[in-house]
Amino acid sequence: MVDFSLTPDQESLRDLARKFARGEMAPHAAECDKTSRFPEEIYRKAHEVGLMNLNVPTEFGGSGLGLFEQCLIVEELAYACGGMTTSIIANCLALEPILLGATPEQQRRWLAPFCAEYHLASFCLTEPSGGSDAGALRTRARKDGDGYVLDGEKCFITNAPNASLYTVFATLDPELRTKGITAFVVPREAKGVTAGKDEEKMGHRASSTGTVRFEGVRVPAADRIGAEGEGFSIAMRTLDQTRTPIGALATGIAQAALDLAAGYALKRVTFGKPIAEHEAIQIKLANMAQAVRAARLLTWNSAWTIDAGGRGTLESSIAKCFASDAALHVADEAIQTFGGYGYMKEYPVEKLLRDAKLTQIYEGANEIQRTVIARELLRGYA
Amino acid sequence: MQIVVAVKPVPEAETRLRVGAGGTSFDPEGVKFVLAGYDESAVEQALLLRDAIPGSSVHAISVGPATRTEEVLRASLALGCDRATWVETPAGTPLDPLAVARSLAGALGSPPPDLVLCGKQAGDDEAGLVPAALGELLGVPDFGFAVNLRWDAGRSRFSLDRPTEGGLERWETPTPCVIGLQQAWNDPRTAKLPNILKSRKAPIAKAPAAADPGPGGVPEKFELPAPRTGARMIDYKTPEEAAQKLVKLLREEAKVFP
Ligand SMILES: Cc1cc2nc3c(=O)[nH]c(=O)nc-3n(C[C@H](O)[C@H](O)[C@H](O)COP(=O)(O)OP(=O)(O)OC[C@H]3O[C@@H](n4cnc5c(N)ncnc54)[C@H](O)[C@@H]3O)c2cc1C
């Protein structure tokens with residue numbers, strides 16, 4: 001039997017996230033957006049209550065949640081602030097390669113001390129020369145004695161200016177394309193690592209994003225994740241896990257936009273009645289509600305598929321792509337519902353549009369998601 | 001020290017209540033019951049005292065139907081209470097303050113625990129009677145509206161303040177005693193995710209409700225507050241006209257000045 005109800009456990013996790021989002025995050029969302037402030041005190045609290053390393057097993061000090069529970073939490077957080085949510089869940093992205101590819105000894109060595117305290121990690125895949133074509137990355141890992149030397153630059157890396165640990169993808173030989181890519185764990189304080197400044201962004205301004213340069217950085221073989229040449233597969237399997245929560249993040253933004261628009265439509269009076277009584281606005285709200293619900297259900301479906309042991313490449317690409325497009329559309333319609341006020345920074349809806357936009361770009365741009373969806377889909381017809 | 005904190009399930013603050021079938025209460029269908037702010041403060045205080053006084057434990061107790069009490073007891077466990085007891089009342093039984101106090105007194109037994117903490121009043125009906133009734137039934141001192149609860153280990157006494165009109169009264173009390181606490185003066189903690197998951201699996205003890213609930217009042221009618229009447233917009237062309245119309249309305253309709 002298909003069942004869409006939440007268990008009491010799931011409800012209590014969602015309630016915790018809701019309380020945290022509305023009590024701790026929402027009051028600072030506008031201010032952090034305006035000034036591009038990285039609210040470290042909120043991220044510390046998120047760690048303290050257990051909302052940070054959601055995917056890390058409890059034996060290593062994480063919350064040990066399945067993807068479905070992660071999605072419930074991420075949607076609630078994003079309802080309050082997409083940018084803060086991006087920074088809060090970036091650890092899940094950065095640590096996933098360790099969960100997927102590292103030995104139990106490495107996992108204990110890296111994860112336990114990392115999760116015990118408030119720390120940020122960054123997932124370093126994208127480079128200035130390209131993000132979508134990850135197989136063409138240029139950061140080099142040269143063999144040197146019993147280890148490697150890294151040289152290269154990563155860009156658009158979430159939390160990079162504030163992180164203490166990087167999971168880095170580099171190639172042993174660019175000629176080998178995907179087969180040369182290898183994953184490493186590099187502490188921020190390693191010699192030759194330079195994190196760039198926080199970039200000025202359109203949205204997600206409470207999150208930090210920056211470059212990381214590696215100049216002759218020595219990495220011992222013990223800090224390699226998986227085998228040589230396994231890095232590309234680890235990166236792709238990581239994104240298979242983390243794409244679905246981006247669907248949840250987009251759903252949270254979309255739900256916030258719908259709630260604001262509906263609330264405003266009931267109050268704003270034109271031509272003698274609330275605009276909610278004009279059919280054009282009703283149709284808008286009805287379409288927005290459909291988009292939000294469909295985004296949530298596709299996200300849940302993807303999470304459920306992966307929690308049940310499926311690979312979920314198709315489901316997670318559909319969820320991420322649909323939910324992020326929905327978020328952009330719903331935020332846009334929310335602004336339209338607000339009219340001129342919607343365009344003003346004094347009102348909260350224009351931020352939602354700027355925040356929604358990123359969800360179409362990161363963790364695999366939607367063009368790439370569609371390529372993946374089509375490939376997976378057509379396989380079933382061939 | 002044995003510390004008991006009595007918690008009441010109340011509808012979540014944002015709930016839109018509807019009048020129930022009998023017209024004497026709200027309709028509980030779809031209503032989410034949570035720990036009220038006053039009770040959160042009481043739990044917080046209980047935990048702070050437990051951690052400060054060696055050999056202490058905190059026991060959360062709640063009276064009502066399982067559908068409502070389970071969640072607040074689990075929330076109390078998630079915050080750090082050591083154990084929880086549900087005083088079972090059949091669904092639909094009206095729970096007036098005296099009946100609740102009798103059930104609590106029965107479940108807590110004699111001798112009474114060293115300290116019973118409550119919110120000073122419930123987050124929903126705000127009656128504020130249970131701490132006083134419970135103190136009477138247990139035959140121990142009781143205080144309502146308390147803040148700044150402190151334990152003086154040397155003299156084995158609690159001291160507390162009660163805000164009054166323009167000042168604070170300071171009181172001292174021996175144990176056992178019952179204390180109703182003000183809301184949010186102690187910044188209640190947020191339950192941590194792992195503790196929430198643990199609390200879901202923790203056992204909850206069961207105790208019977210008082211056989212004789214006592215001569216409590218019977219609710220006669222439950223009504224929602226009348227909807228607020230909307231704001232009036234004034235049509236105007238110039239600020240002078242707006243001011244003139246406003247003054248006229250204030251004088252003739254609102255009658256705020258002659
Ligand atoms: C705020 C922010 C945070 C980020 N955080 C991280 C992070 O933590 N870690 C990390 O590694 N990366 C991160 N990224 C990078 C992000 O994942 C990339 O920006 C994204 O993958 C796209 O890569 P690109 O920017 O190089 O665009 P390109 O790959 O240059 O693509 C440009 C455009 O062409 C399209 N395109 C490219 N190839 C194809 C194709 N084959 N078919 C059709 N269309 C195509 C793309 O969809 C896009 O529209 C972040 C980005 C941003 C903006």
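Each chain gets a letter, A, B and so on, in the order its sequence line appears, and its residues count up from 1. Remember, predicted model here, so these are calculated numbers, not experimental data.
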Practice task
Determine whether A:D15 and B:K32 make a side-chain contact, defined as any pair of heavy atoms from C-beta on separated by less than 4.5 Å.
Solution key: yes
Exercise for the section: Answer yes or no: are there more than 12 heavy-atom neighbours, outside A:R293 itself, under 6.0 Å from its atom CZ? Expected result: no
Exercise for the section: Rounded to the nearest 0.5 Å, what's the gap from OG1 on B:T190 to CD on A:E24? Could you check? Expected result: 6.0 Å
Problem - Closest contact, heavy atoms only, A:G50 versus B:L193 - result: O-CD1, 3.3 Å
Handout entry: chain B contact via A:S12 - which portion, at a heavy-atom distance below 4.5 Å
Key = both
Practice task
Using a cut-off of 6.0 Å, state whether more than 12 heavy atoms not belonging to B:K245 lie near its atom NZ.
Solution key: yes
Problem - Pairing of A:E11 and B:R74 as salt bridge, 4.0 angstrom limit - result: no
Handout entry: Atom CD of A:E41: over 12 foreign heavy atoms under 6.0 Å
Key = yes
Exercise for the section: Applying side-chain contact (heavy atoms from CB on, under 4.5 Å) between B:I196 and each of A:V49, A:D9, A:L16, report the one that passes. Expected result: A:L16
Handout entry: Atom CZ of A:R14: over 12 foreign heavy atoms under 6.0 Å
Key = yes
Handout entry: Residue A:W304 excluded, over 12 heavy atoms near CH2 under 6.0 Å
Key = no
